[in-house]
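A short write-up of the structure that comes next.
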Protein chains: 2
Amino acid sequence: MKLSANEEYGLRCLVRLGYAGEGGNLTIPEISQAEGVSPAYAAKILRVLRKGGFVKAARGKEGGYTLARPAESIVIGEVIDVLGGRLFESKFCDSHAGQVAICTRSVDCSVRSLWRAVQVAVDHVLSKATLRDLLQNEEEMNSWVRAIPGPNGLRLLQ
Amino acid sequence: MKLSANEEYGLRCLVRLGYAGEGGNLTIPEISQAEGVSPAYAAKILRVLRKGGFVKAARGKEGGYTLARPAESIVIGEVIDVLGGRLFESKFCDSHAGQVAICTRSVDCSVRSLWRAVQVAVDHVLSKATLRDLLQNEEEMNSWVRAIPGPNGLRLLQ
DNA sequence: GCCAATCTATACTTATTAGTCAAGATTACT
DNA sequence: AGTAATCTTGACTAATAAGTATAGATTGGC
């Protein structure tokens, strides 16, 4: 039960684009440098985000990426789904072949209902959060960090 | 954000052992057949569970696996941690190198705090549930399924 | 002591995910 | 039209997870 690299970096790239504001344009080199991933990898991730309808791309000179929709309409849960799939996709139950002819788990079981409970808990967080929330949160934290005195503004927080 | 095979089958094997009751003994062939995985794979998973202190093994004839502790003292969250690690292990932030010299994300960021919120939500479910809960739930569901009329007791539920 | 049933350990193969590379297509500007 | 900056695509390699195989060690019963 781990976050995939796609989910982590994909969301970061989206937040970065959100930073650029509505209509703000960023190129792959810009995004990749800002997020510390290779341009090729950023391109691969951005393609997923584009196909998911979260960003749009413009080719050619002056091209780049932009949010496809206002930040408040981008639900993080949907982004994560596109980047990394659902927690529980029932691939296990499908292939599970228990000892008894009628597997008591083929319809439902405690393990399965536990996963469902976990999925509900996760969705509860991710279906509420929008990109706008993340951006606001980020700005709050940045101003807060910048307000801390010290060599680089961070020392005292570690 | 997917369940790993280890988590899925590991938990299933543990539930299967719980079924066998306190002191109940099951061999690898028994468990593997009941759970529909190969004996070799079951062995691999059971070793993880053993090292995690959830089950104990006896070698030789009459050997097999048993719960190492009472079912109500086995917290599912701990089992999942051992089988699959934590959702967010901060491997990303560690290697992340943003554009600015002082990465505003090196201490905290909205993405990171989002993952923390998700982790809290997951823990909220998994740190409460014990193996005993799963076993009781299973028995309830089994009796319920068996009570449904039909060719194999399952038809009407699909 | 011997044998069969059992777990143990390590190495191996396969599948999936992560990440890179190179050639092609599009666009703005001159 | 030409050129440079940009995204697009698909194939490639590397790393990790999933799953298998094989030889070894332990135990109980005869």
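Chain A is the first sequence line, chain B the second, and so forth, proteins listed ahead of strands; every chain is numbered from 1.
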Which atoms form the tightest heavy-atom contact between [X] and [Y], and what is the distance?
X       : Y        : answer
A:Leu49 : A:Gly10  : CD1-O, 3.5 Å
A:Ile28 : A:Leu46  : CG1-CD1, 4.0 Å
A:Val15 : A:Leu135 : O-CD2, 3.5 Å

Please list each protein N or O that sits under 3.5 Å from an N or O in nucleotides 26-30 of chain D, with the distance.
residue	atom	partner	partner atom	Å
D:dT26	O2	B:Gly60	N	3.3
D:dT27	O2	B:Lys61	N	3.0

- Which is true for A:Ala40 with a 4.0 Å heavy-atom rule: it touches a base, it touches only sugar-phosphate, or it touches nothing? base
N/O to N/O distances under 3.5 Å, protein versus nucleotides 10-15 of chain C:
none

- Note on the structure: Hits for side chain to side chain contact (heavy atoms under 4.5 Å, CB included) against A:Val75, two or more places apart or cross-chain, chain-then-number order -> A:Glu78
- Who pairs with A:Ser38 by side chain to side chain contact (heavy atoms under 4.5 Å, CB included), at least two apart in sequence or on another chain?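 Listed in chain order: A:Ala40, A:Tyr41.
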- Message: Any side-chain to backbone donor/acceptor pair from B:Glu7 onto A:Met1? Under 3.5 Å, distance only.
- Response: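 Here the side-chain-to-backbone pair exists.
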What's the [atom1]-[atom2] distance between [X] and [N], to the nearest Å?
X       : N      : atom1 : atom2 : value
B:Leu46 : C:dT6  : CG    : P     : 14 Å
B:Leu49 : C:dT8  : CG    : P     : 12 Å
A:Arg50 : D:dT6  : CZ    : C1'   : 13 Å
B:Asn6  : C:dT16 : CG    : C1'   : 15 Å
A:Lys51 : D:dC7  : NZ    : C1'   : 13 Å
B:Lys2  : C:dT16 : NZ    : P     : 11 Å
A:Asn25 : C:dA28 : CG    : P     : 12 Å
B:Glu7  : D:dA17 : CD    : C1'   : 12 Å

- Going by the side-chain hydrogen bond (donor to acceptor under 3.5 Å, both in side chains) test, which pairs reach into residues 50-72 of chain B, not counting sequence neighbours?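 Found B:Asn25-B:Thr66, B:Arg69-B:Ser73, B:Glu72-B:Arg132.
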- Secondary structure of DNA chain D in dot-bracket form (Watson-Crick or G-U wobble, distances below 3.5 Å, | marking inter-strand pairs): ||||||||||||||||||||||||||||||
- Query: Would you say the side chain of B:Val111 lies within less than 4.5 Å of the side chain of A:Glu8, judging by non-hydrogen atoms?
  - Reply: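 Result yes, sub-4.5 Å side-chain heavy-atom pair found.
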- Query: Under 4.0 Å between a side-chain N or O of A:Ser38 and OP1 or OP2 of C:dG19?
  - Reply: no
- side-chain N/O A:Tyr41 vs D:dA14 OP1/OP2, d < 4.0 Å: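 False: A:Tyr41 side-chain N/O out of range (4.0 Å or more) of D:dA14 OP1/OP2.
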- Given C:dT8, D:dC7, C:dA18, the nucleotide with the shortest approach to the side chain of B:Tyr65: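 Per side-chain heavy atoms of B:Tyr65, the pick is C:dT8.
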- Task: Carefully, step by step, assess B:Lys128 and B:His124 under the rule side chain to side chain contact (heavy atoms under 4.5 Å, CB included).
- Result: CA-CA 7 Å; B:Lys128 271 189 197 154; B:His124 192 252; 3.3 Å; yes
- Kindly determine whether A:Leu114 and B:Val125 satisfy side chain to side chain contact (heavy atoms under 4.5 Å, CB included), including the steps that lead there. CA-CA 8 Å; A:Leu114 178 72; B:Val125 174; 4.2 Å; yes
- Quick one: salt bridge (charged side-chain N to carboxylate O under 4.0 Å, His left out) partners of B:Asp123, sequence neighbours excluded?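 If we apply the salt bridge (charged side-chain N to carboxylate O under 4.0 Å, His left out) test to B:Asp123, skipping adjacent residues, the hits are B:Arg86.
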- Message: Using side chain to side chain contact (heavy atoms under 4.5 Å, CB included), reason through B:Glu22 and B:Leu67 one step at a time and then give a plain yes or no.
- Response: CA-CA 7 Å; B:Glu22 299 239 353; B:Leu67 289 187; over 6 Å; no
